[in-house]
Amino acid sequence: MAAADLLLVITNFILFRISVYYFPRSFLNITPVCSAMVTLNRVAMNCSVWFTVTFSFDRFVAICCQKLKTKYCTGKTAAVVPAKTSILLCLKSIPYYFVFEAEQIIDNVPWGCNCKSSYYTEPGWVANNWFDTVSTPLLPFVLILLLNALTVRYILLASRVRKGLRSQSKGENHRDPEMESRRKSVILLFSISANFILLWLTNVICFFYYTIAGINPNDNESSYIFQQVGYVLMNLSCCTNTFIYGVTQSKFRKQVKSAV
């Protein structure tokens, strides 16, 4: 997940945004290169979102499914699941390479990435947009909420039982490390869910608006600003999960300190 977030920062902010505004005549602004960067950006964004889903499923299995845990929570699974997920998301993002056309031709070299007007109106592109939005982020919305809700429900039920057993024991120690660990897990799961949904919400609203209205957001200043705000929040969402894990996971912090 940290690698996917870092790749998003490199492809979106460093290579794409900064190069477009500050180095307008670099090779990065040649249309095929620009299209490739946009495609890589989509791959990184999709990986960041779906790695959050796989992490949520991993936590669900580890906490709620003790029988499945021994088979699923292994080093092999930790390598296979992200690898297969990345391959599928790369294939899913390929159509974005063909979304753009050159803004201008100079000495037979196409420069700039201008989104084709047909992208918002042709049935093929509209269908692709619906598929892309349903798969990222609507389906992750549902999966993350469902998995985290089931996990929190299990933790709360187990905590009630544990409290009841400890209250019956003699010489009870009021400090319970297990309960503290479970409380941190609940905070982590709620933080991930709330962060993901709130920061993606503007982009989803924008998509439904221009799809239902059948308009190009670039044709209207207010629609364009709203769309760009959605992009900012969406990119921010893909960069914050790693920081959430760093704050809440002691093992994550320990590995970072070890790497440093």
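Below, all heavy atoms of this structure are taken into account, side chains as well, without hydrogens, waters or symmetry copies.
- Between Lys71 and Thr77 the shortest side-chain heavy-atom distance does not fall below 4.5 Å.
- Pairs passing the ring pair (Phe, Tyr, Trp, His ring centres under 6.0 Å) check and including a residue from residues 73-93, sequence neighbours excluded, do not occur.
- In this structure, Trp50 and Leu139 have side chains that are in contact, with non-hydrogen atoms separated by less than 4.5 Å.
- No side-chain heavy atom of Tyr231 sits less than 4.5 Å from a side-chain heavy atom of Thr202.
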Take Asn203 and Leu233 through the test side chain to side chain contact (heavy atoms under 4.5 Å, CB included) and record every step on the way to the result. CA-CA 8 Å; Asn203 183 264; Leu233 296 177; over 6 Å; no
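- Expressed to the nearest 0.5 Å, how far CD1 of Ile18 lies from CZ of Phe13 amounts to 9.5 Å.
- Each disulfide (SG to SG under 2.5 Å) pair with one or both residues in residues 37-119, not counting sequence neighbours, appears once here: Cys34-Cys113.
- Checked against a 6.0 Å centroid threshold, the rings of Phe57 and Tyr72 count as neighbours.
- Leu28 and Val33 get closest at one heavy-atom pair: CA-CG1, 3.8 Å.
- The salt bridge (Lys or Arg N to Asp or Glu O under 4.0 Å) analysis of residues 21-33, with sequence neighbours excluded, yields no pairs.
- A 4.5 Å side-chain heavy-atom check between Leu7 and Leu40 finds every atom pair outside the cut-off.
- Here the shortest heavy-atom pairing between Pro110 and Ala102 reads CB-CB, 3.5 Å.
- Every pair passing ring pair (Phe, Tyr, Trp, His ring centres under 6.0 Å) that includes a residue from residues 124-159 is listed here, sequence neighbours excluded: Tyr119-Trp125, Trp130-Phe207, Trp130-Phe208, Phe141-Phe196.
- With sequence neighbours excluded, the residues forming a salt bridge (Lys or Arg N to Asp or Glu O under 4.0 Å) with Asp132 are Arg42, Lys92, listed by chain and number.
- Residue pairs meeting the ring pair (Phe, Tyr, Trp, His ring centres under 6.0 Å) criterion with at least one partner in residues 97-118, sequence neighbours excluded, are absent.
- Within the 4.5 Å cutoff, side-chain heavy atoms of Thr52 are placed close to those of Ile144.
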